[in-house]
Protein chains: 2
Amino acid sequence: MSERRVTAQDAVLAALRSDILTGELEPGDQIVQESLAERYGVSRVPLREALKTLESEGQVVYHPHRGYFVSELSVADLLEVYRLRELLEAEAIRAAVPTLTDADVDAVAELAAQVEAAADRVDVMEMTVANRRFHFALFDAAGLPRLSRLLRQLWEATDAYRALYFQSPGNRERVSGEHAQMMTALRARDAEALVRLHDEHRDHSVDAVRALLGERSP
Amino acid sequence: MSERRVTAQDAVLAALRSDILTGELEPGDQIVQESLAERYGVSRVPLREALKTLESEGQVVYHPHRGYFVSELSVADLLEVYRLRELLEAEAIRAAVPTLTDADVDAVAELAAQVEAAADRVDVMEMTVANRRFHFALFDAAGLPRLSRLLRQLWEATDAYRALYFQSPGNRERVSGEHAQMMTALRARDAEALVRLHDEHRDHSVDAVRALLGERSP
DNA sequence: GTCACGGGAATTGGATCCAATCTAGCAGAT
DNA sequence: ATCTGCTAGATTGGATCCAATTCCCGTGAC
């Protein structure tokens with residue numbers, strides 16, 4: 001994972017994620033391999049390998065002999081993602097909090113500051129990335145790599161909507177405030193409070209994303 | 001999923017799973033694409049696509065320019081898999097039980113009978129397959145497709161060891177007995193009892209698999 | 001007007017070929 | 001003896017080409 005990105009399939013995978021996240025590729029779109037490969041400047045082989053990993057994450061769906069399509073997230077699917085996140089993130093936080101040193105907590109605080117800085121600059125893309133680093137710093141600290149991986153899959157499934165969520169100034173402000181509360185609980189090593197704050201934090205975003213989904217496909 | 005298997009990559013994927021399950025490909029082995037492709041009678045392209053999906057399931061690990069290797073399951077990883085299964089299966093069962101009709105319960109009972117029949121015939125491979133159908137009939141009834149998919153991934157990660165578990169006559173007998181108890185709880189629509197039985201059921205297999213792992217890599 | 005049925009274009013699936021990278025083994029220096 | 005640097009072989013990564021399947025659209029029968 002941390003190996004330097006050299007292969008074309010990795011570059012293509014990153015490009016695909018970005019295109020899905022920015023809406024360049026919209027839910028329901030067929031992915032025409034020939035044209036996309038040309039756009040990325042590679043052949044179809046590495047593109048297809050990247051698509052296979054996106055398929056297993058549920059970001060695209062595959063129909064043999066018909067091709068890959070950007071997944072359409074239904075409301076039911078969205079709610080399921082958040083329900084599973086609730087379950088798994090609580091587990092991660094409870095496992096992580098007791099193991100964190102003061103230095104670790106400071107590092108997490110630094111990441112929270114980066115999220116806020118991006119919010120102030122109204123850099124939505126950077127905020128999305130920083131926000132993810134902040135939350136996963138906590139999750140990864142649990143030392144349960146499989147759990148981390150499952151959570152990454154679930155987060156990626158709703159990446160497109162999270163970026164939209166950060167578009168609104170009100171949401172950006174709320175996120176910063178909630179992160180600050182979470183840091184307080186974290187410094188107090190109060191795992192249960194942190195879980196509760198995390199749940200509220202997530203509930204706010206699910207409400208917003210659900211509203212977005214509703215207007216898009218009524 | 002349920003589309004008929006026509007493409008070579010699907011066939012190769014099934015073949016790879018089977019080879020890993022039977023130990024034809026052992027943990028730690030490098031997968032030499034050329035020779036494996038030849039053995040399966042296909043070119044390297046569909047093989048590589050199948051490997052990509054196994055990679056995302058954690059069945060194989062991938063190092064750029066070095067290749068794919070069959071994953072080695074550490075004790076820590078094993079315990080993590082079972083810990084996550086405990087969490088997610090409880091959720092699935094609680095969601096599923098209230099929705100099941102009498103006909104559904106009968107269908108599950110039929111699957112339990114198939115497991116027992118395979119056990120009596122000492123058909124380990126068939127027992128593995130039937131056992132999986134039995135448990136997932138329950139999980140899938142929750143109507144949470146993402147949850148089902150995560151559980152499939154977790155089960156697949158330990159498939160190789162489950163087959164070993166069924167090798168022992170004692171284990172086969174215990175499994176049948178525990179399934180019977182679970183059916184009783186299911187008929188009573190007692191989700192909590194079912195969750196508890198499921199946990200015990202799982203604990204037994206984790207103990208056995210842990211013992212296997214221990215003697216293999218001390 | 002609707003439906004069934006070709007037939008050709010578009011698209012995907014897979015095979016083969018070449019380039020890039022890694023690995024193993026040897027030669028030589030220290 | 002050990003370490004370093006190099007070369008040759010093996011292996012993977014990617015591009016191109018051909019085959020197989022699907023899709024789209026026009027034609028004709030009713």
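Values below: all heavy atoms of this structure, side chains included; hydrogens, waters and symmetry mates excluded. By convention in this document, chain letters (A, B, ...) are assigned in the order of the sequence lines, proteins followed by strands, and residues within each chain are numbered from 1.
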[X] has an atom [atom1]; how far is it from atom [atom2] of [N], in whole Å?
X: A:His65; N: C:dT11; atom1: NE2; atom2: C1'; answer: 11 Å
X: A:Leu47; N: D:dT16; atom1: CG; atom2: C1'; answer: 15 Å
X: A:Tyr62; N: C:dT12; atom1: OH; atom2: P; answer: 10 Å
X: A:Glu34; N: D:dA15; atom1: CD; atom2: P; answer: 12 Å
X: B:Glu38; N: D:dA10; atom1: CD; atom2: P; answer: 15 Å

ask   = With distance as the sole criterion, is a donor-acceptor pair present between the side chains of B:Thr128 and B:Asn131 under 3.5 Å?
value =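 Short answer, no.
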Short side-chain donor-acceptor distance under 3.5 Å, A:Ser74 and A:Asp77 =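 The criterion, which ignores hydrogens and geometry beyond distance, is not satisfied for A:Ser74 and A:Asp77.
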For the side chain of [X], starting at C-beta, report the closest nucleotide among [options].
X: A:Gln9; options: C:dA15, C:dC22, D:dG14; answer: D:dG14
X: A:Val45; options: C:dA15, D:dT21, C:dT21; answer: C:dA15
X: A:Gln33; options: C:dT21, C:dA15, C:dT12; answer: C:dT12
X: B:Arg66; options: C:dG14, C:dG13, C:dT23; answer: C:dT23
X: B:Ser43; options: D:dA15, C:dC22, C:dA15; answer: C:dA15
X: B:Gln30; options: D:dT16, D:dT12, C:dG14; answer: D:dT12

ask   = Can the positive tip of A:Arg132 be found less than 6.0 Å from the middle of the six-membered ring of A:Phe136, inside 45° of the ring normal?
value =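 Yes - A:Arg132 lies over the ring of A:Phe136, closer than 6.0 Å to its centre and within 45° of its axis.
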query = With sugar-phosphate meaning primed atoms plus P, OP1 and OP2, does B:Ile31 contact a base, only sugar-phosphate, or nothing at under 4.0 Å between heavy atoms?
reply = sugar-phosphate
key: A:Arg17 with A:Glu57: basic N within carboxylate O range, under 4.0 Å   = yes
message = Quick check on DNA chain D: between A:Gly41 and B:Gly67, whose nearest nucleotide comes earlier from the 5' end?
response =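 The residue whose closest nucleotide sits nearer the 5' end is B:Gly67.
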key: Neighbours of DNA chain D within residues 48-55 of chain A, by heavy-atom distance under 4.0 Å   =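 When residues 48-55 of chain A is checked for heavy atoms under 4.0 Å from DNA chain D, there are no hits whatsoever.
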inquiry  = Just to verify, which of A:Asp123, A:Val122, A:Val124 counts as forming a side chain to side chain contact (heavy atoms under 4.5 Å, CB included) with A:Glu126?
reply    = A:Asp123
query = Less than 3.5 Å between a donor and an acceptor, one on the side chain of A:Arg44 and one on the base of C:dG13, is that the case here?
reply =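 Counting by modelled atom types and ignoring angles, a donor-acceptor contact under 3.5 Å is found here.
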Residue of the set A:His63, A:Gln59, A:Lys52 for which side chain to side chain donor-acceptor pair (under 3.5 Å) holds with A:Tyr68 = A:Lys52
inquiry  = Taking the side chain as everything from C-beta on, heavy atoms only, tell me whether B:Trp155 gets closer than 4.5 Å to B:Val81.
reply    = no
